[in-house]
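Shown next, in structure tokens, is the structure this report addresses.
Everything quoted here is computed from the prediction, not taken from an experiment. Naming convention: chains lettered A, B, ... in sequence-line order (proteins, then strands); numbering from 1 in each chain.
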Protein chains: 2
Amino acid sequence: MNNLTLRQLRYFQALAQHGHFGHAAAMCSISQPAMSVQIRELEENLGVTLFERSARKVRLTPFGDELAVRVRDILGAVDELGELARATAGKVPDRLRIGVIPTVAPYLLPAMVTALTRLNPALDLHVRETQTTGLLRALEQGTLDAAVVALPVSHPAFTEVALCEEDFVLVRPAADADKPVPDGEALRRMRLLLLEEGHCFRDQALAFCAAPANMPRDGLDGSSLTTLVQMVGAGIGVTLIPEMAIGLETGSAPVSVSRFGHPAPKRTIGLIWRRTNPLATQLHTIAEVLGSVSRRD
Amino acid sequence: MNNLTLRQLRYFQALAQHGHFGHAAAMCSISQPAMSVQIRELEENLGVTLFERSARKVRLTPFGDELAVRVRDILGAVDELGELARATAGKVPDRLRIGVIPTVAPYLLPAMVTALTRLNPALDLHVRETQTTGLLRALEQGTLDAAVVALPVSHPAFTEVALCEEDFVLVRPAADADKPVPDGEALRRMRLLLLEEGHCFRDQALAFCAAPANMPRDGLDGSSLTTLVQMVGAGIGVTLIPEMAIGLETGSAPVSVSRFGHPAPKRTIGLIWRRTNPLATQLHTIAEVLGSVSRRD
DNA sequence: TTGGCTTCATAGTTTCAGGTTATGAATAAC
DNA sequence: GTTATTCATAACCTGAAACTATGAAGCCAA
């Protein structure tokens with residue numbers, strides 16, 4: 001029968017402070033009898049007398065005195081909950097777990113971190129880089145709050161918001177710089193270096209060539225765009241990379257970069273999260289920030 | 001409108017633990033709708049979503065997660081109140097402020113402290129030594145819990161309990177040891193040394209002599225029994241002291257101690273406290289202990 | 001001592017928070 | 001498509017807690 005009520009503790013505190021039922025009641029905006037009854041019930045709940053009532057004075061008993069200290073702490077902590085909530089409401093959360101696919105992470109992460117930290121300087125940002133399927137699973141399990149992936153995901157459990165579109169560009173050995181730019185058809189017949197299976201970027205590139213995703217290929221897969229570009233520089237073949245990777249990847253190898261004519265291959269990068277995630281509002285804010293970062297405006 | 005309820009916090013904790021409304025409700029012995037409603041109201045109170053409800057999972061939001069820690073602490077502190085009360089109920093309080101009159105304090109205090117400490121080893125004992133009027137005032141103001149005084153006090157605001165009775169004995173110069181012991185009448189005509197005004201022991205001695213309390217006296221007052229005995233040893237006169245003072249006071253001066261015949265003068269030492277003091281039960285226990293100490297049994 | 005004043009407690013009544021059961025809506029699983 | 005699971009909502013009911021009115025006890029002044 002531990003029916004302690006916060007209300008009772010509040011009244012107790014008021015009475016301890018005033019030493020007068022009437023005044024304490026007024027402070028709590030209730031009538032004096034209500035105060036009397038609640039104090040009595042508090043005493044019954046605890047099985048201890050908290051106040052000594054004499055004709056003109058209401059005094060704390062020694063135990064009441066001890067209790068007052070603890071009650072003050074408790075009520076303080078409770079009120080802090082409210083303050084904390086108010087301070088937190090609508091704000092970007094202090095901890096954000098975000099996933100990014102490998103063909104985006106290296107190029108966007110630095111700017112993303114900067115932008116998100118500006119949004120909330122106290123931000124504790126956890127980033128996880130892995131392929132889309134891993135990210136989706138993590139989202140479902142609740143170990144990620146959101147993920148940056150290529151759209152569309154088309155999964156009913158997720159909300160998706162586009163961040164930016166970007167073309168793919170052709171990377172050839174430097175010597176080929178002046179040759180005509182092939183279209184998808186022509187590309188399929190060249191030695192096209194691609195990421196290993198599981199990367200969505202691989203599938204998108206194959207789609208552009210109108211080739212089946214499971215087309216047999218003879219050991220021309222790399223595990224990162226960096227590797228692919230280096231292989232191109234070594235004259236092994238050609239490859240595609242997304243626009244955002246140009247700056248970081250093409251400086252250190254003898255390769256040339258060419259844009260495709262229409263229709264150019266491209267991908268849409270987006271932010272996704274569980275549709276039921278109550279942080280939806282804040283995630284839209286975050287998406288907006290990430291979008292402007294990824295579009296460099 | 002900070003209507004937070006302990007009940008809501010308890011339900012919140014249960015739900016955070018189980019991640020399932022039905023199970024959490026069962027744990028709290030309520031129906032599932034009741035749980036739903038209370039959680040919703042908690043969220044409304046705080047203005048923040050605490051749980052993410054998806055079809056098969058109920059998950060804490062990041063803020064809910066943070067809240068859970070604080071709530072655990074708060075509920076722990078609240079439950080401690082109950083335990084503390086139960087542990088304290090009926091026990092001698094941890095802090096005891098007790099007053100003692102000067103003609104008792106030196107002789108009884110050491111034994112009192114020992115006995116009370118045995119009653120509650122954690123006892124924080126405050127002793128105040130002053131004359132009866134000062135003690136009564138302190139009791140009224142609530143700065144003392146109880147006082148050891150000579151009975152009766154006969155004040156309706158106080159409860160009094162007798163601890164012991166003790167005779168007064170006559171202290172004369174050692175040379176007078178074989179003279180007959182005077183009665184009250186005879187005593188009045190001798191050079192009787194007494195405590196200064198305000199001491200109840202002075203009044204009791206004068207009463208034995210059938211002398212008015214305000215009888216004019218020519219500079220024969222001392223401020224302590226020790227002083228009086230030393231004066232007697234110097235041959236200045238005779239005095240009365242209570243039995244309990246014999247051991248401590250008569251060793252260091254050339255005086256003789258004699259008991260009176262019937263009716264012997266005597267006093268009753270008692271413990272008093274505010275009638276309204278809720279510690280009455282414990283104070284009776286304390287009185288019992290002090291009584292057996294003062295009677296040396 | 002008496003009558004008035006202050007102050008806390010008690011009683012009777014009303015209101016509302018919080019409980020229950022019944023049912024709906026959404027989604028996962030078959 | 002059908003079924004099962006799970007949370008939300010609705011309608012209703014009960015009891016906690018509020019209020020007003022009144023009583024009881026003690027202080028104070030006449």
**Item:** Along DNA chain C (nearest heavy atom to each residue), the more 5'-positioned of B:Gln8 and A:His20
**Value:**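 Going by which nucleotide is closer to the 5' end, it is A:His20.
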
Under 4.0 Å between a side-chain N or O of [X] and OP1 or OP2 of [N]?
| X | N | answer |
| --- | --- | --- |
| A:Ser36 | C:dC8 | no |
| B:Arg40 | D:dT9 | yes |
| A:Arg275 | C:dT27 | yes |
| B:Arg53 | C:dA26 | no |

**Message:** Could you work out, with salt bridge (Lys or Arg N to Asp or Glu O under 4.0 Å) as the rule, every residue matching B:Lys266, not counting sequence neighbours?
**Reply:**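 With neighbours one apart ignored, the set is B:Glu165.
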
Distances for protein N or O near nucleotides 19-22 of chain C N or O, under 3.5 Å:
unit_1 : atom_1 : unit_2  : atom_2 : d
C:dG19 : OP1    : B:Arg7  : NE     : 3.3
C:dG19 : OP1    : B:Tyr11 : OH     : 2.7
C:dT20 : OP2    : B:Ser31 : N      : 2.7
C:dT20 : OP2    : B:Ser31 : OG     : 2.7

Separation of [X] atom [atom1] from [N] atom [atom2], in whole Å?
| X | N | atom1 | atom2 | value |
| --- | --- | --- | --- | --- |
| A:Phe21 | C:dT10 | CZ | P | 10 Å |
| A:Glu41 | D:dG15 | CD | C1' | 11 Å |
| A:Leu6 | C:dA17 | CG | C1' | 15 Å |
| A:Phe51 | C:dT7 | CZ | C1' | 15 Å |
| A:Asn45 | D:dA16 | CG | C1' | 12 Å |
| A:Glu52 | D:dG26 | CD | P | 13 Å |
| B:Arg59 | D:dC7 | CZ | C1' | 15 Å |
| A:His18 | C:dT7 | NE2 | P | 13 Å |

**Message:** Which is more 5' along DNA chain D, the nucleotide nearest B:Gly22 or the one nearest A:Thr5? Just name the residue.
**Reply:**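 Residue closer to the 5' terminus by nearest nucleotide: B:Gly22.
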
**Request:** Measure from the side-chain N and O atoms of A:Glu160 to the backbone N and O of A:Val153, and report whether any donor-acceptor pair falls under 3.5 Å.
**Result:**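 The answer is yes, because a donor-acceptor pair under 3.5 Å joins these two groups.
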
Solution key, residues 23-35 of chain A side-chain donor-acceptor pairs under 3.5 Å, sequence neighbours excluded:
unit_1  : atom_1 : unit_2  : atom_2 : d
A:Gln32 : NE2    : A:Ser36 : OG     : 3.1

**Request:** Before accepting this row, confirm whether a basic side-chain N of the pair B:Glu66/B:Arg72 lies closer than 4.0 Å to the acidic partner's carboxylate O.
**Result:**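 Salt bridge absent between B:Glu66 and B:Arg72.
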
**Request:** For B:Phe201, enumerate each residue passing the ring pair (Phe, Tyr, Trp, His ring centres under 6.0 Å) test, keeping only those at least two apart in sequence or located in another chain.
**Result:**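 B:Phe201: ring pair (Phe, Tyr, Trp, His ring centres under 6.0 Å) contacts with B:Phe168.
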
**Request:** Identify, with sequence neighbours excluded, every residue that meets side chain to side chain donor-acceptor pair (under 3.5 Å) alongside B:Asp124.
**Result:**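 Partners of B:Asp124 by the side chain to side chain donor-acceptor pair (under 3.5 Å) criterion, ordered by chain and then number, come out as B:His126.
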
**Asked** With sequence neighbours left out, what residues match A:Gln131 under side chain to side chain donor-acceptor pair (under 3.5 Å)?
**Response**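 Expected list: A:His199.
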
